[in-house]
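The block underneath contains the structure these notes are about, expressed in structure tokens.
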Amino acid sequence: MPESQVKTNFAFRDIAPYQEKDGEEYMNDKQRDHFRELLFAWKRELMEEVDRTVSHMKDEAANFPDPADRASQEEEFSLELRTRDRERKLIKKIDSTLELLESDDYGYCEACGVEIGVRRLEARPTATQCVDCKTIDEIKEKQTSL
Ligand SMILES: [Zn+2]
């Protein structure tokens, strides 16, 4: 792995979790700056991941004369394409979260309006629902998929 890519990964994890002070206002400028930084770093990492997949596939797109080799290569490519698709969706989600951050709606549950909480956002910066609403949503999803 080239050194520049390793550095990016470290830079992302270098962002220390936000330390709330007693009585600190929720989603004040400092908190918003922190999450903006986190989201941008995450997005950057994902975009590099996508680039890496593309160049890897170009490098490997040789024609294998052996059908068995070809099959395993195709399998590998389809796996990579699925990963890339997931990454693209995540990048979109990060973009819409960044918009939310600019419109002052970030950090509040879209379903019930309560504060999502710094700790939860730290673990899932793209969360748009509080734990309760998320849980209800997941139960509903399970029921409709039955
Ligand atoms: Zn909620």
Side-chain angles (χ1 to χ4, degrees), residues 1-62 69-146:
M1 192 185 280
E3 206 187 341
S4 62
Q5 287 165 4
V6 177
K7 265 187 207 148
T8 314
N9 285 343
F10 278 125
F12 180 44
R13 287 182 192 113
D14 260 358
I15 301 174
Y18 189 84
Q19 298 295 327
E20 280 173 287
K21 293 192 192 78
D22 283 346
E24 184 177 317
E25 194 197 338
Y26 184 64
M27 282 303 130
N28 61 37
D29 285 349
K30 271 168 82 178
Q31 289 187 11
R32 288 151 52 96
D33 283 350
H34 169 77
F35 286 111
R36 190 180 294 113
E37 193 189 357
L38 203 63
L39 287 160
F40 271 122
W42 191 13
K43 183 180 169 181
R44 218 161 32 233
E45 189 177 87
L46 284 167
M47 285 172 80
E48 277 171 25
E49 198 69 51
V50 172
D51 280 353
R52 199 142 58 218
T53 312
V54 176
S55 61
H56 172 69
M57 284 174 61
K58 274 189 196 144
D59 289 347
E60 299 252 315
D69 286 345
R70 218 159 39 224
S72 77
Q73 192 200 27
E74 271 160 24
E75 207 175 295
E76 191 196 328
F77 277 10
S78 83
L79 191 76
E80 290 204 29
L81 284 173
R82 274 206 299 276
T83 309
R84 221 180 119 192
D85 194 48
R86 246 197 329 264
E87 286 165 352
R88 272 220 216 87
K89 281 186 187 134
L90 199 49
I91 289 170
K92 260 195 196 156
K93 174 94 182 156
I94 292 172
D95 278 337
S96 64
T97 308
L98 283 163
E99 275 173 36
L100 218 59
L101 200 59
E102 296 317 314
S103 68
D104 287 349
D105 290 331
Y106 182 71
Y108 296 92
C109 176
E110 65 181 4
C112 73
V114 303
E115 296 176 2
I116 292 172
V118 171
R119 289 281 79 83
R120 174 162 160 76
L121 289 170
E122 199 74 61
R124 251 188 106 87
T126 52
T128 51
Q129 291 186 337
C130 68
V131 180
D132 290 345
C133 291
K134 182 75 188 166
T135 309
I136 293 168
D137 237 32
E138 277 165 6
I139 293 168
K140 274 189 203 151
E141 245 167 61
K142 267 187 210 132
Q143 283 170 343
T144 46
S145 65
L146 282 175

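The structure displayed is predicted, hence computed values, not measured ones. For the numbers below, each heavy atom of this structure counts, side chains included, while hydrogens, waters and symmetry mates do not. Counting convention: from 1, in listed order, for ligands and their atoms alike. All residue numbers in this chain count up from 1 along the given sequence.
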Verify the neighbour count for atom CZ of R124: are there more than 12 heavy atoms of other residues, nucleotides or ligands below 6.0 Å? no
With a cut-off of 6.0 Å (strictly less than), are more than 12 heavy atoms of other residues, nucleotides or ligands near OH of Y26? yes
Ignoring waters, protein N/O/S atoms under 2.8 Å from the Zn ion (ligand 1) are C109 SG, C112 SG, C130 SG, C133 SG
By side chain to side chain donor-acceptor pair (under 3.5 Å), E115 pairs with (sequence neighbours left out) none
In residues 84-95, what donor-acceptor pairs under 3.5 Å come from side-chain atoms, sequence neighbours left out?
{"from": "D85", "atom 1": "OD2", "to": "K89", "atom 2": "NZ", "distance (Å)": "3.2"}
{"from": "D95", "atom 1": "OD1", "to": "K43", "atom 2": "NZ", "distance (Å)": "2.8"}

Tell me the salt bridge (charged side-chain N to carboxylate O under 4.0 Å, His left out) pairs involving residues 130-139, sequence neighbours left out? none
Rounded to the nearest 0.5 Å, what separates atom CG in L100 from atom OH in Y108? 11.5 Å
